[in-house]
Amino acid sequence: MRSPKDFFAPLALGAPEPVREIPFRPSRMIHFFDPSNEKMRTKVPSIAPKVDVLLGNLEDAVSADNKEAARNGLVEVGKANDFGQTQLWTRINSLDSPWVLDDLITLVTEIGDKLDVIMVPKVEGAQDIHYVDRLLAQLEARAGLTKPLLVHAILETASGVANVEDIAGASPRMQGISLGPADLAASRRMKTTRVGGGHPGYLVRTDPTGDDVHEGRTTYQQDLWHYTVARMVDACAMHGILPYYGPFGDIKDVVGCEDQFRNAFLLGCVGTWTLHPVQIDIAKKVFSPAAEDVAWARRVIAAMGDGTGAVMIDGKMQDDATYKQCKVVAELADELAARDPELAAAYDAATVSDSEAMTGE
Ligand SMILES: CC(C)(COP(=O)(O)OP(=O)(O)OC[C@H]1O[C@@H](n2cnc3c(N)ncnc32)[C@H](O)[C@@H]1OP(=O)(O)O)[C@@H](O)C(=O)NCCC(=O)NCCSC(=O)C[C@H](O)C(=O)O
Ligand SMILES: [Mg+2]
């Protein structure tokens, strides 16, 4: 454990100064593509402007035979494209794999200036982040990078969940954490066979009303991921980093996907992974606050003045705590609107019509 006094010191001579705060940049969708797949590589220039984050995946879903091709394909993509406001991330292979050292050495050396965040899978505890932290500092120094690479952990082992607060605070590089429900299910010995989402067997049932316990009792499917997502959100908030939902593998179930994403958004996540182009617009819709919620938040903020005291709006009590919630929504809306003119126009139109409705104009 480093002394708090040394926490922000570079871990190698010549490495860039660590950031003091994680900059907020829109990251509603982290779009996964396989850089070993030539067809997907050719789609990068058309997909990049539609997503907040483009991620070249080197780990699971890339076959062992294609690991080198994926690494080289990502270098090619990084060198050939200007990503504008879209961030370029990668997911490296796991720290116990034979590929990860070459992943880090090659990517930082060849395209370290283009990469924003390195996603590390199967993080078990702070020690895994410390290893990556020092190695990155050495590689950054050697490559002459001036901006530190940030690190994102996937929460996908039972031990990672048990240590999530330590992981979130392990380094100033920690940008955020995503849920990895598929590996986490395996690590926990859960009896599901899916990538994220619910399960019809995980439910509660209303009490029996008479003698027949077998019929007429409503069931409600429960969210398998509620506990982990909530715990991850708290760990991230505590350390000033960003929480994300992860993958939803049933690509055809666009409705279930939207529900799962929204649960995560309401609980505090800022974004999610998208595995297929069809999920991009779902993530954009869910992780951008609704225009009517933004109009309401702006109304409460305006009515609350300095943010203290209590007022009634439409029969509902507002006070310091609702003011703070509204600030979260309104500030997120402003940050997203600064990048997205369509969203900016929708938020402004809703705010105008909300204030016209109030004044009866
Ligand atoms: C899942 C896929 C293999 C499906 O691909 P495909 O069979 O080609 O689907 P479609 O025919 O519907 O595709 C239509 C067109 O869209 C292109 N496409 C598909 N996916 C992508 C993408 N991600 N980015 C860009 N373009 C994409 C296809 O090429 C088709 O193009 P065209 O023929 O010109 O019309 C595929 O979607 C895929 O590989 N997705 C990524 C999978 C992935 O990254 N998985 C790993 C993340 S999840 C995970 O690791 C679990 C987690 O760690 C945990 O533990 O929970
Ligand atoms: Mg995984």
Side-chain angles (χ1 to χ4, degrees), residues 7-8 18-32 51-55 85-92 115-121 123 126 128-129 132-133 136 147-156 160-161 163-181 184 196 225-226 228-248 260-274 279-280 283-284 286-289 324-325 327-340 343:
F7 190 66
F8 290 104
V19 291
R20 298 253 157 188
E21 275 194 31
I22 294 306
F24 181 87
R25 296 178 67 188
S27 48
R28 294 164 291 183
M29 69 299 287
I30 302 167
H31 184 71
F32 274 58
V51 300
D52 294 335
V53 176
L54 186 69
L55 180 144
Q85 289 186 302
T86 300
Q87 300 180 57
L88 180 66
W89 293 19
T90 185
R91 178 170 77 169
I92 54 172
L115 281 173
D116 293 287
V117 175
I118 295 187
M119 184 182 273
V120 184
V123 173
D128 289 341
I129 303 298
V132 173
D133 198 6
L136 283 178
K147 188 171 67 101
L149 287 153
L150 301 181
V151 168
H152 181 109
I154 314 181
L155 201 56
E156 53 183 354
V161 176
N163 294 319
V164 66
E165 292 84 5
D166 291 346
I167 294 169
S171 158
R173 288 185 199 274
M174 280 301 298
Q175 176 274 346
I177 303 181
S178 289
L179 173 73
L184 182 55
W225 307 110
H226 176 83
T228 315
V229 172
R231 192 152 170 211
M232 175 180 76
V233 167
D234 285 344
C236 288
M238 173 178 160
H239 287 285
I241 69 171
L242 306 172
Y244 298 78
Y245 182 71
F248 190 89
Q260 185 76 65
F261 286 179
R262 186 163 290 105
N263 287 349
F265 172 70
L266 288 169
L267 275 182
C269 291
V270 299
T272 187
W273 301 3
T274 53
Q279 295 182 335
I280 293 173
K284 187 173 176 183
V286 170
F287 288 93
S288 309
K324 285 182 211 155
Q325 291 174 62
K327 291 277 273 190
V328 170
V329 172
E331 283 170 10
L332 174 61
D334 289 345
E335 279 158 344
L336 297 176
R339 155 114 202 237
D340 186 336
L343 210 49

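None of these values were measured; they are calculated from a predicted model.
Minimum heavy-atom separation, Gly268 to Pro243: O-CG, 3.5 Å. Residue Glu156 comes nearest to Gly180 through the heavy atom pair CB-O, 3.3 Å, listed as atom of the first residue, atom of the second, then distance. Considering all non-hydrogen atoms of both residues, Thr274 and His31 come closest at OG1-ND1, 2.8 Å. Ala153 and Ile167 make their closest contact through CB-CG2, 3.9 Å (heavy atoms, listed as atom of the first residue, atom of the second, distance). Here the shortest heavy-atom pairing between Leu267 and Ala230 reads CD1-N, 4.4 Å. The minimum heavy-atom distance linking Pro247 with Leu179 is given by the pair CD-O, 3.6 Å.
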Name each donor-acceptor pair under 3.5 Å that joins a side chain in residues 329-339 to protein atoms two or more places apart or in another chain, with its distance.
from   : atom 1 : to     : atom 2 : distance (Å)
Asp334 : OD1    : Arg298 : NH2    : 3.2
Arg339 : NH1    : Asp52  : OD1    : 3.3
Arg339 : NH2    : Thr86  : OG1    : 3.3

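A distance of 4.0 Å separates SG in Cys236 from CD1 in Ile177, rounded to the nearest 0.5 Å. Interatomic distance, Asp133 CG to Asp128 CG, rounded to the nearest 0.5 Å: 12.0 Å. Here the OH-CD distance, from Tyr245 to Gln260, works out to 3.5 Å after rounding to the nearest 0.5 Å. Between the CG atom of Leu149 and the CG atom of Leu136 there is a distance of 6.0 Å, given to the nearest 0.5 Å. The CG atom of Leu242 lies 10.5 Å from the CE atom of Met232; values are rounded to the nearest 0.5 Å. With rounding to the nearest 0.5 angstrom, the CZ atom of Phe287 is 9.5 Å from the OG atom of Ser27.
A search for side-chain hydrogen bond (donor to acceptor under 3.5 Å, both in side chains) contacts involving Arg25 returns Asp116, not counting sequence neighbours. The salt bridge (charged side-chain N to carboxylate O under 4.0 Å, His left out) check on Arg231 picks up Glu165, with sequence neighbours excluded. With sequence neighbours left out, the side-chain hydrogen bond (donor to acceptor under 3.5 Å, both in side chains) criterion links Trp89 to Gln87. With sequence neighbours excluded, the residues forming a ring-ring contact (aromatic ring centres under 6.0 Å, His included) with Tyr244 are His152, listed by chain and number. Applying the ring-ring contact (aromatic ring centres under 6.0 Å, His included) rule to Phe261 yields no partners; only residues at least two apart in sequence or on another chain are considered.
Both the sub-6.0 Å distance and the 45° axial angle are satisfied by Arg20 relative to the ring of Phe8.
Side-chain N or O atoms of Thr272 include one that pairs as donor or acceptor with a backbone N or O of Gly246 at under 3.5 Å. In terms of modelled atom types and a separation under 3.5 Å, the side chain of Arg173 and the main chain of Pro18 share no donor-acceptor contact.
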Apply side-chain contact (heavy atoms from CB on, under 4.5 Å) to Ile30 and Arg91, showing your working.
CA-CA 11 Å; Ile30 302 167; Arg91 178 170 77 169; over 6 Å; no
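With contacts defined as side-chain heavy-atom distances shorter than 4.5 Å, the pair Val120/Ile92 qualifies. Inter-residue side-chain proximity for Leu184 and Trp225 is flagged as met; some heavy-atom pair is nearer than 4.5 Å.
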